[in-house]
Amino acid sequence: VCFALPWQCFRALCCKGPPPPRPEYDLVCIGLSGSGKTSLLSQLCSESPENIVSTTGFSIKAVPFQNAILNVKDLGGADNIRKYWSRYYQGSQGVIFVLDSASSEDDLETARNELHSALQHPQLCTLPFLILANHQDKPAARSVQEV
């Protein structure tokens, strides 16, 4: 005998309660300023690309997928901010490194140094890394092999 509203009885009998919660993973997204970190996350969150501004400091976005939620810390990539990246690494379960594949040789070298530093950091060195060669649509973009 069910002493609740009909839809509650139906849900309890047929749906077996609420769906299980999706697992959440904490990621850090790093890369030089202008590499496209914020644009990437905005697109994954289905946000309008018109309102994107360069990240000063950091922002956190929850990126929903069917089977999981990614909580991504988008860390600003300006020269004076990069030295503070490591303060935001704790608790991360993965790293997204965004690289502007159409950048200058000097910026590419700086990005390479920052990537190597992240790969060697004690809080990141055992984590999975996704290296995204962004801006492939630009004429000056390097191929994945060149990067």
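Remember, predicted model here, so these are calculated numbers, not experimental data. Residue numbers start at 1 and run along the sequence shown.
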(message) Main chain of Asn67, side chain of Arg22: is a donor-acceptor contact present, judged purely on distance under 3.5 Å?
(response) no
Determine, using the 4.5 Å side-chain heavy-atom cutoff (strictly less than), whether [X] and [Y] are members of one ILVMFWY cluster.
X	Y	value
Phe97	Leu119	yes
Leu130	Leu44	yes
Leu27	Tyr89	no
Leu70	Ile96	yes
Leu99	Ile30	yes

(message) Apply salt bridge (charged side-chain N to carboxylate O under 4.0 Å, His left out) to residues Arg112 and Glu105 and explain how you reach the verdict.
(response) CA-CA 10 Å; Arg112 183 180 75 79; Glu105 287 295 327; over 6 Å; no
(message) Leu75 vs Ile81, test: side chain to side chain contact (heavy atoms under 4.5 Å, CB included). Steps then yes/no.
(response) CA-CA 8 Å; Leu75 305 184; Ile81 296 173; 5.8 Å; no
(request) Report yes if some heavy atom in the side chain of Asp100 is under 4.5 Å from a heavy atom in the side chain of Asp107; otherwise report no. (result) no
(request) Could you grab the distance from atom CG of Leu41 to atom CG of Asp74, nearest 0.5 Å is fine? (result) 5.5 Å
(request) Could you check whether the rings of Phe58 and Tyr88 sit parallel, tilted or perpendicular, using 30° and 60° as the cut-offs? (result) tilted
(request) Please say whether more than 12 non-hydrogen atoms of neighbouring residues, nucleotides or ligands are located less than 6.0 Å from OH in Tyr84. (result) no
(request) Evaluate whether atom CD of Gln43 has more than 12 neighbouring non-hydrogen atoms of other residues, nucleotides or ligands under 6.0 angstrom away. (result) no
(request) Give me the one residue out of Gln136, Glu146, Lys138, His135 that meets side chain to side chain donor-acceptor pair (under 3.5 Å) with Ser101. (result) Gln136
(request) Go through the steps to decide whether Glu114 and Leu32 satisfy the test side chain to side chain contact (heavy atoms under 4.5 Å, CB included), and finish with yes or no. (result) CA-CA 8 Å; Glu114 293 295 346; Leu32 300 187; 4.2 Å; yes
(request) Show the numbers, then the answer: is there a side chain to side chain contact (heavy atoms under 4.5 Å, CB included) between Glu109 and Asn113? (result) CA-CA 6 Å; Glu109 180 66 21; Asn113 291 336; 3.7 Å; yes
(message) Apply side chain to side chain donor-acceptor pair (under 3.5 Å) to residues Ser35 and Asn134 and explain how you reach the verdict.
(response) CA-CA 7 Å; Ser35 61; Asn134 201 16; over 6 Å; no
(message) Could you go through Val95 and His121, starting from their C-alpha distance and side-chain angles, then the distance that decides it, and tell me whether this counts as side chain to side chain contact (heavy atoms under 4.5 Å, CB included)?
(response) CA-CA 12 Å; Val95 181; His121 193 278; over 6 Å; no
